[in-house]
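These numbers come from a predicted model, not from an experiment. In listed order, ligands and their atoms are each counted from 1.
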Amino acid sequence: MDFVVAPSSCHSLLNHSHNKNNILYRSHFSVPSSAGIFSLRKFTSVSFRYDHRYRRGCSRIVCTRRRVMDSSNSPTSPEVSKPKIVTGPGGYVLEDVPHLSDYIPDLLTYPNPLQDNPAYSVVKQYFVHVDDTVPQKVVVHKDGPRGIHFRRAGPRQKVYFDSDEVHACIVTCGGLCPGLNTVIREIVCGLFHMYGVKKVLGIDGGYRRFYAKNTVNLNPKFVNDIHKRGGTILGTSRGGHDTSKIVDSIQDRGINQVYIIGGDGTQRGASVIFEEIRRRGLKVSVAGIPKTIDNDIPVIDKSFGFDTAVEEAQRAINAAHVEAESIENGIGLVKLMGRYSGFIAMHATLASRDVDCCLIPESPFYLEGPGGLYEYIERQLKENGHMVIVIAEGAGQELLSESMTLKDASGNKLLKDVGLWISQKIKDYFSKERKIPINLKYIDPTYMIRAIPSNASDNVYCTLLAQSAVHGAMAGYTGFTSGLVNGRQTYIPFSRIIEKQNKTMKKKRPTKEFVTKRLPISIEARQ
Ligand SMILES: Nc1ncnc2c1ncn2[C@@H]1O[C@H](COP(=O)(O)OP(=O)(O)OP(=O)(O)O)[C@@H](O)[C@H]1O
Ligand SMILES: O=P(O)(O)OC[C@H]1O[C@](O)(CO)[C@@H](O)[C@@H]1O
Ligand SMILES: [Mg+2]
């Protein structure tokens, strides 16, 4: 892994033990491994007008305008900043993140206080080089382009904030997810212990409470135990994002680092907050930390809390399997979260090996006739005497009643209960039409998989994400999401994070062969 534990404390931080020459050597052959880190400096003389720290002549700058979606009530509609895209030889592209110095001239810099901190003295030799970037794609062809890269996360030699000047705030938005408290804890502890920051404010209740008076002063003592609890100590909410009120509140309170933890909606909100801050010319870094158990945020390897949720889902699947195999023609049916993407259902299925059929939103299905779900269930019952079905909550929504779609406060589709619906349909079909007695047990663990504390690996992951965000904000980066790309911590521009949703696969049209197409998963899952 990419961090060390400092001897005199338990606070890990990003460390860089790579031999750049080796890595450069490898990448000259265009064979980036999953650990491939490229150093821009050695390949090409790239600089660009946004960042004066790049000293060399300009290779080429491509600036295209991307629209940032904004479904908020915000009256402010600031000019969207241009993505910072740098190209280099061999089809190298850096999708860079904004920096405070892009729009504020003559900012003072300070030596990173980590280098004088005895607990972190090892860091001195491992500061991230300003040109280190991480490839998005590690599978490349010999003659193919090197492709898109993101800026590598981690501590920089110079920072753009004096520790005493920092006044940070943290907000959590959207649905719960295991690990939220760990991220909060590690932002607070990272700021205090690594950078000597003393002022960190918790915003109580998500975006909609940002401009109310509900805040809590956070310090390492206050957050010491919170990673052992599920949920978020700061509370969360949906809807109520008002860009100008939020930025007014940031300005009025003298906040200059904003840490925003949340899913795709939250990152969209963070993006418009960043744009408004930039428009007002404020020295405020905006850092996002991606959160969602649905794992529907693009670019990143996975979102924190996802593994914990999948693990918890196993308990429901195990119960469904035990119930199903204990009775004649037993069917265990488990509904799992996953509004638009079926990652939880798919991973829980693959992990369990007890699931015969997994239904996800990306792959439409039908019930009757050849290749339909009923036919598949009947065959499974004949062959095995029992079966387990996992269904993601967003699957089959198009089969339920066509009545008006309701939305939640954030504008997300409110789903109909596909689990109850499909249970009833299966029962009716086998008892009334086929006269085959079946025993269907329906288990809906819903919130149980996301309201729990994060497991060990998610805790480590949350710590790295949080500390990366802190290093990035201190280094003056802004408008970025801290994310893992090919196993490396990176800074990804908001524009990339909010561009689209992450899916298990492209949505398919329903076909006659849908269940048989699903068979390989089912068969594989049982072997
Ligand atoms: N386009 C947008 N512009 C500004 N704010 C937004 C936008 N979309 C959503 N938000 C705000 O972001 C917050 C969280 O959004 P949402 O409820 O969709 O959850 P999320 O962050 O996607 O997390 P999850 O889906 O995992 O629960 C809400 O307060 C919502 O108002
Ligand atoms: O918390 P709420 O509003 O009930 O939302 C539930 C939704 O949130 C998610 O857990 C994502 O956070 C979805 O899987 C689910 O559909
Ligand atoms: Mg979402």
In Å, rounded to the nearest 0.5 Å, how long is the span from [atom1] of [X] to [atom2] of [Y]?
X    : Y    : atom1 : atom2 : value
T481 : K291 : OG1   : NZ    : 13.0 Å
N181 : I226 : CG    : CD1   : 4.5 Å
L414 : N412 : CG    : CG    : 8.0 Å
R450 : F306 : CZ    : CZ    : 15.0 Å
L218 : R185 : CG    : CZ    : 12.5 Å
I187 : I170 : CD1   : CD1   : 4.5 Å

Does the N or O separation between [X] and ligand 1 drop below 3.5 Å for any pair?
X    : value
R268 : no
G262 : no
G175 : yes
D408 : no
R238 : yes

Classify the ring geometry of [X] against [Y]: parallel below 30°, tilted from 30° to 60°, perpendicular beyond 60°.
X    : Y    : answer
Y207 : H241 : perpendicular
F343 : H347 : tilted
Y477 : H99  : perpendicular

Need the ligand 2 atom indices (1-based, order shown) with element for anything under 4.0 Å from a heavy-atom of [X].
X    : result
R450 : 1 (O), 2 (P), 5 (O), 6 (C), 7 (C), 8 (O), 9 (C), 10 (O), 12 (O)
G338 : 14 (O)
M337 : 10 (O), 14 (O)

Y211 OH: over 12 foreign heavy atoms closer than 6.0 Å: yes
K425 atom NZ: more than 12 heavy-atom contacts under 6.0 Å: no
Metal site the Mg ion (ligand 3), protein N/O/S atoms found under 2.8 Å: 1
Considering all heavy atoms, the nearest G483-L465 contact: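 Looks like CA-CD2, 3.9 Å.
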Using a 4.0 Å cutoff against the non-hydrogen atoms of [X], which atoms of ligand 1 qualify?
X    : value
G263 : 20 (P), 21 (O), 22 (O), 23 (O)
Y207 : 11 (C), 12 (O), 13 (C), 29 (O)
N412 : 16 (P), 17 (O), 18 (O)
T292 : 26 (O)
D264 : 20 (P), 21 (O), 22 (O), 25 (O)

Side-chain (T490) to main-chain (A153) donor-acceptor, under 3.5 angstrom: no
For [atom], find the nearest protein heavy atom and state the residue, atom name and distance (0.1 Å precision).
atom                    : answer
atom 7 (C) of ligand 2  : R339 NH2, 3.6 Å
atom 14 (O) of ligand 2 : D294 OD1, 2.7 Å
atom 4 (O) of ligand 2  : Y447 OH, 2.5 Å

Part of T243 with heavy atoms under 4.0 Å of ligand 1, whether side chain, backbone, both or neither: neither
Within-cut-off N or O pair, D408 and ligand 2, under 3.5 Å: no
Nitrogen or oxygen atoms of T292 and ligand 2 under 3.5 Å apart: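 No, there is no polar N/O contact under 3.5 Å.
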Non-neighbouring partners of K302 that pass salt bridge (Lys or Arg N to Asp or Glu O under 4.0 Å), sequence neighbours left out: D307
Ligand 1 contact by G206, heavy-atom criterion under 4.0 angstrom: no
Heavy atom of K291, distance to ligand 1 below 4.0 Å: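 The answer is yes, since K291 has a heavy atom less than 4.0 Å from ligand 1.
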Nearest option to atom 15 (C) of ligand 2, as decided by whichever heavy atom of R238, E393, K413 sits closest: E393
The one among S237, G265, C173, G269 that brings a heavy atom closest to atom 4 (C) of ligand 1: G269
Worked verdict on D248 versus R280 for salt bridge (charged side-chain N to carboxylate O under 4.0 Å, His left out): CA-CA 10 Å; D248 286 350; R280 294 189 193 183; 2.8 Å; yes
Trace of the side-chain hydrogen bond (donor to acceptor under 3.5 Å, both in side chains) decision for S352 with Q314: CA-CA 6 Å; S352 141; Q314 299 294 291; 4.7 Å; no
Side-chain heavy atoms of I250 within contact of F210, under 4.5 Å: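 Counting from C-beta outward, I250 and F210 do come under 4.5 Å.
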